[in-house]
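Report on one structure; see the data block that follows.
Excluded from the calculations below are hydrogen atoms, water molecules and symmetry mates; all remaining heavy atoms, backbone and side chain alike, are included. Here the structure is a predicted model, which means the values were calculated and not measured.
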Amino acid sequence: MNIAYDGFFLKEGLLSLGHTVIDLAPYQEKDVTDALAELDMPVDVVLVELFGAKKLPAGLHRCQARLAAYCIDSSINAFWLEHACKVFDDVFVDQMETVSTLRKAGIRASWLPLCAQKHEFRAPTPCKKYDISFVGVTTPQRLKRSNILNLLMQRYSVHVRQDVGNREMIDIFSESRIVLNENLFDGLTLRVFQALASGGLLFTEARGRGTQQHFTDGRHLVCYTPQTLLPLADRILKQPEAYAPIALAGQNLCRKNHTSEARAAQMLSALENNSARTARRDGAERHCSEAKAHCLRCLRFGGHASQAVQNLKQAAIQAQSGLPHQTRFAAEALRTLADMNMRLGRAASAKEIYHAARQAGDVVLADLKLGMALLAEHDVAQAKASVMQAVANMPKARLLRHRHILPLLAAARTGADMLLVMAHIFNALGRRMVSGFWKQIPDPCPDTAMELAYMSWNLSHSPESMDLLLETAGDLAGELLPELLDAVRKGLLEDRHITHTAALAESYYASEAAAHLLSGLKCRRQMEETRPAPGNGVG
C-alpha cells in the first residue's frame with residue numbers, strides 16, 4: 001500500500017512490512033488535498049496521528065482519499081477528538097475506554113494501544129545503577145504523582161528526571177531495579193511499553209485499564225496500590241534477583257506482541273476488514289466537525305483560532321443554506337462561535353449568536369448557554385426564564401429520570417442556585433466531566449456539570465453543590481484534594497464530605513492525611529455525643 005502518513009508510532013512497522021510511507025510533515029501548512037496532488041504516486045490511505053497540541057492538517061473535510069486517524073492520549077483528548085474523528089473514515093484509539101466514548105458520538109473506533117520501537121529494546125543489565133527511577137513531569141498539579149514519589153523518597157533512593165531524550169530515558173530504565181510508572185488517567189500508556197522494552201522491572205499502578213488485557217501482574221510486571229506501594233518496593237529491592245525473571249518475561253512479551261510492526265499489522269488488518277470504519281458523513285457535518293475540533297484544540301492547548309473561527313462561520317452558512325437535516329450542524333457551529341465570544345468577554349455578541357443557534361434548532365444547549373450569559377450580567381430572573389425554556393425542551397425520558405430538577409429550578413433564587421440547577425441539567429444530559437479539560441481559570445460558559453457545580457460551590461458552599469461536584473468529578477475527584485482539605489480546615493464540609501475526602505486522600509497515596517481526617521471526624525462526633533442537651537445544665 002501507499003500510505004501518506006503524518007505521525008511517528010507506526011512508521012517503523014509499516015516500512016518493515018514492506019509498505020510505501022510518504023511523509024506528510026513537509027506539507028503540514030498545505031491543504032491535504034493539495035498536498036496529495038503534489039505527490040508523484042497514488043495514495044491508498046492517509047493516516048494521521050492526533051494528539052495534544054498537534055495542529056490538525058488543513059482541509060480534512062474536503063479530502064476525497066480514505067482518511068484514517070490514530071488518536072494518542074485519547075482519554076484526555078476525547079473532548080476534541082470526538083469532533084475531529086467525524087471527518088475520518090477509520091478511527092483507531094490508544095485507550096480502551098475511548099472506544100465507548102466515541103461510540104456515544106456515533107463513531108466506530110478500534111482499540112490500538114501504543115507500542116515500543118526497535119531501538120528501545122535493551123540487553124539485560126546485571127549491574128544496576130539506580131534502585132528506583134522515574135522519568136516524567138513533576139509539578140504541583142500532578143498531586144498523586146508527587147505523593148507517590150515523596151513516599152518512596154522517604155525510604156529509598158529515587159532517581160527522578162524530566163526533559164530527557166528518548167534514548168537517555170530508556171538507558172535510565174534499563175539501569176534501574178524498579179521503573180516507576182504513574183498515570184493521571186486510568187489506561188495503558190506509552191511508558192508501559194517503553195519500560196518493558198528497556199528490560200527494567202515495570203512497577204505500575206494496579207488500576208491501569210487495558211493493562212490486564214495484555215500483561216499479568218507478577219508475571220510480566222508488578223502492580224501497586226496505595227496499600228502495597230511501600231511493601232512491594234521493599235520486597236523488590238531486598239530481593240531484586242527474584243524479580244529479574246519478571247522483567248525478562250515482560251520484555252519478551254513486549255518484543256513479541258507490542259512493537260511498531262505488530263501494531264501496524266493490526267491496523268492494516270482493521271483497514272482491510274473495515275472494523276474501524278464509519279460511513280462517511282455529508283459535507284456539512286464534516287466541515288462543522290473539523291472547525292469545532294480546531295477551536296476546542298486551540299482553547300485547550302493554545303494557538304491561533306482565527307482560521308477555525310472563519311471555518312465555523314462558513315460551516316454555519318453552508319449548513320443553513322443546505323438540506324433541512326443539516327441545520328443542526330449550523331446550530332452547533334453557531335453555539336461554538338457564541339462560546340468563543342463569551343470567553344473573549346463579548347457577552348452582547350454571544351447572546352445574539354446563542355439566539356441564532358436556538359433559531360437554527362439548538363433549543364436546549366443554546367438556552368442553557370444564554371442563561372449563563374445572563375447570569376454573568378447578574379440577571380437571575382432572565383437567566384431562570386432561559387433555563388426554564390431549555391428544560392421544557394429536554395427529552396421527556398431524561399427529565400423523568402431526573403425529576404428533581406423541576407423543584408430545584410422552581411425554588412432557585414440566586415446565581416448559585418441557578419448554577420447548581422444547570423449543573424444538574426448538564427448531568428442529566430450526560431455532560432458530566434471532561435477529564436482532559438480540567439480548566440485552570442474560570443470559564444464563563446462551561447460545558448460540564450462538574451464545572452457548574454464547582455462554580456456554585458464557590459459562591460454558596462452549599463452541601464448540595466459539593467455533593468454534585470464530588471459525584472461528577474468521577475475518577476479525577478482526587479485532583480480536588482487541596483481545595484477539599486482547605487474546606488475541611490475552614491469547617492465548610494459536612495461529615496459525609498469529610499469521609500469522602502479521606503477516601504480520596506487514601507486513593508491518592510496520602511494515608512496520613514486520610515487518617516487525620518477520620519480521627520478528627522471521630523473526635524468531633526464523640527464530643528457531640530457527650531455534649532449536654534440544651535436545658536439540661538445544672539441550675
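Remark: the backbone N or O of Gly13 is paired with a side-chain donor or acceptor of Ser16 at under 3.5 angstrom. Remark: side-chain polar atoms of Arg177 are not paired, donor with acceptor, to backbone N or O of Lys129 under 3.5 angstrom. Asn2 places no side-chain N or O within donor-acceptor distance of the main-chain N or O of Thr20, the cut-off being under 3.5 Å. A donor-acceptor pair is defined here as one N or O able to donate and one able to accept, closer than 3.5 Å; no such pair exists between the side chain of Trp111 and the backbone of Val99. Panel note: side chain Glu49, backbone Phe9; a donor-acceptor pair is recorded below 3.5 Å. Gln162 places no side-chain N or O within 3.5 Å of a backbone atom of Val160 that could act as its donor or acceptor partner. When atom types are taken as modelled, the side chain of His220 and the backbone of Ala249 share no donor-acceptor pair closer than 3.5 angstrom. No side-chain donor-acceptor contact under 3.5 Å links Asp73 to the backbone of Phe51. In this structure a side-chain-to-backbone donor-acceptor pair under 3.5 Å is present from Asn77 to Ile72. At least one donor-acceptor pair closer than 3.5 Å links the side chain of Arg263 to the backbone N or O of Pro113.
In this structure, the separation between CG on Leu202 and CG on Leu221 is 5.0 Å, given to the nearest 0.5 Å. Rounded to the nearest 0.5 Å, atoms CG (Leu17) and OG (Ser260) are 8.5 Å apart. Rounded to the nearest 0.5 Å, atoms OH (Tyr508) and CD1 (Ile148) are 9.5 Å apart. One finds the CE atom of Met153 at 10.5 Å from the NE2 atom of His159 (value rounded to the nearest 0.5 Å). Distance CG/Asp475 to OG/Ser507: 9.5 Å, rounded to 0.5 Å. A distance of 12.5 Å separates CZ in Phe426 from CG in Leu468, rounded to the nearest 0.5 Å.
Side-chain contact annotation: Thr225 with Thr228, donor-acceptor N/O pair under 3.5 Å present. Looking at Gln117 and Gln194, their side chains never bring a donor and an acceptor atom within 3.5 Å of each other. Between the side chains of Ser110 and Ser275, no donor N or O sits under 3.5 Å from an acceptor N or O. A donor atom on one side chain and an acceptor atom on the other are not found under 3.5 Å apart for Gln95 and Ser74. A side-chain donor-acceptor contact under 3.5 Å links Asn166 and His119.
Taking the side chain as every heavy atom from C-beta outward, Phe121 and Gln251 approach each other to under 4.5 Å. In this structure, the side chains of Glu285 and His61 stay at 4.5 Å or more apart for every pair of heavy atoms. Using a 4.5 Å heavy-atom threshold, the side chains of Val91 and Val93 count as touching. Residues Arg145 and Val137 meet the side-chain proximity criterion, which asks for heavy atoms closer than 4.5 Å. By the 4.5 Å heavy-atom criterion applied to side chains, Thr98 and Cys71 are not counted as neighbours. A 4.5 Å side-chain heavy-atom check between Leu47 and Met267 finds at least one atom pair inside the cut-off. Here the side chains of Leu50 and Tyr70 are not in contact, with every heavy-atom distance at 4.5 Å or above. In this structure, Thr33 and Val46 have side chains that are not in contact, with every pair of non-hydrogen atoms separated by 4.5 Å or more.
When the shell of 6.0 Å around CD of Glu512 is examined, it contains 12 or fewer heavy atoms from other residues, nucleotides or ligands. Residue His516 places its NE2 atom among 12 or fewer non-hydrogen atoms of other residues, nucleotides or ligands, all under 6.0 Å distant. In this structure, Arg219 places its CZ atom where only 12 or fewer heavy-atom neighbours from other residues, nucleotides or ligands lie under 6.0 Å away.
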* Arg167 vs Asp171, salt bridge (Lys or Arg N to Asp or Glu O under 4.0 Å): CA-CA, chis, key distance, verdict -> CA-CA 6 Å; Arg167 291 186 182 276; Asp171 288 340; over 6 Å; no
* Checking side-chain contact (heavy atoms from CB on, under 4.5 Å) for the pair Asn181/Glu205: CA distance, chi angles, key distance, verdict? -> CA-CA 7 Å; Asn181 182 54; Glu205 286 186 274; over 6 Å; no
* To do: For side chain to side chain donor-acceptor pair (under 3.5 Å), just list the numbers for Ser133 and Ser176, CA-CA rounded to whole Å, side-chain angles, deciding distance to a tenth of an Å, and then say yes or no.
  => CA-CA 6 Å; Ser133 68; Ser176 301; 2.8 Å; yes
* Please test Lys86 against Glu290 for side-chain contact (heavy atoms from CB on, under 4.5 Å), starting from the C-alpha separation and ending with a verdict. => CA-CA 8 Å; Lys86 290 180 180 179; Glu290 181 179 355; over 6 Å; no
* To do: Would you check, one step at a time, whether the test side-chain contact (heavy atoms from CB on, under 4.5 Å) holds for Thr204 with Cys223?
  => CA-CA 5 Å; Thr204 191; Cys223 297; 4.2 Å; yes
* side-chain contact (heavy atoms from CB on, under 4.5 Å) between Trp80 and Arg300, worked out -> CA-CA 9 Å; Trp80 67 273; Arg300 172 63 177 83; 5.7 Å; no
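With respect to Glu38 and Lys30, a salt bridge is recorded, a charged nitrogen being found less than 4.0 Å from a carboxylate O. The residues Glu182 and Arg142 are annotated as salt-bridged, a charged nitrogen and a carboxylate oxygen being separated by less than 4.0 angstrom. Between Arg255 and Glu120 no salt bridge is recorded (no basic side-chain N to carboxylate O distance below 4.0 Å). Between Arg431 and Asp447, none of the side-chain N atoms (NZ, or NE/NH1/NH2) sits under 4.0 Å from a carboxylate O, so this pair counts as no salt bridge. A salt bridge links Arg209 to Glu97: at least one charged side-chain nitrogen sits closer than 4.0 Å to a carboxylate oxygen. Of the charged side-chain nitrogens involved, none lies within less than 4.0 Å of a carboxylate oxygen, so that Lys144 and Glu479 do not count as a salt-bridged pair. A salt bridge does not link Lys128 with Glu175: none of the charged nitrogens is closer than 4.0 Å to a carboxylate oxygen.
Each of Asn427, Thr472, Thr448 was evaluated against Arg432; a single residue qualifies, Asn427, per the side-chain hydrogen bond (donor to acceptor under 3.5 Å, both in side chains) test.
Across all their heavy atoms, Pro482 and Leu143 have their closest contact at CD-CD2, 3.8 Å. Considering every non-hydrogen atom in both Arg297 and Leu56, the closest pair reads NE-N, 4.3 Å. Across all their heavy atoms, Thr336 and Cys295 have their closest contact at CG2-CB, 4.4 Å. Pairing each heavy atom of Val222 with each of Asp217, the nearest pair is CA-OD1, 3.4 Å. Closest approach of Arg122 and Ser174 over heavy atoms only: CB-OG, 3.7 Å. When all heavy atoms of Asn257 and Ala262 are compared, the pair lying nearest together is O-CB, 3.5 Å.
Take Asp90 and apply the salt bridge (Lys or Arg N to Asp or Glu O under 4.0 Å) test, not counting sequence neighbours, and it matches Arg66. Residues that satisfy the salt bridge (Lys or Arg N to Asp or Glu O under 4.0 Å) test with Lys292, not counting sequence neighbours, are Glu332.
For the ring-ring contact (aromatic ring centres under 6.0 Å, His included) condition, the pairs that include at least one residue of residues 172-208, sequence neighbours left out, are Phe193-His258, Phe203-Tyr224.
Checked against a 6.0 Å centroid threshold, the rings of Trp457 and His497 do not count as neighbours.
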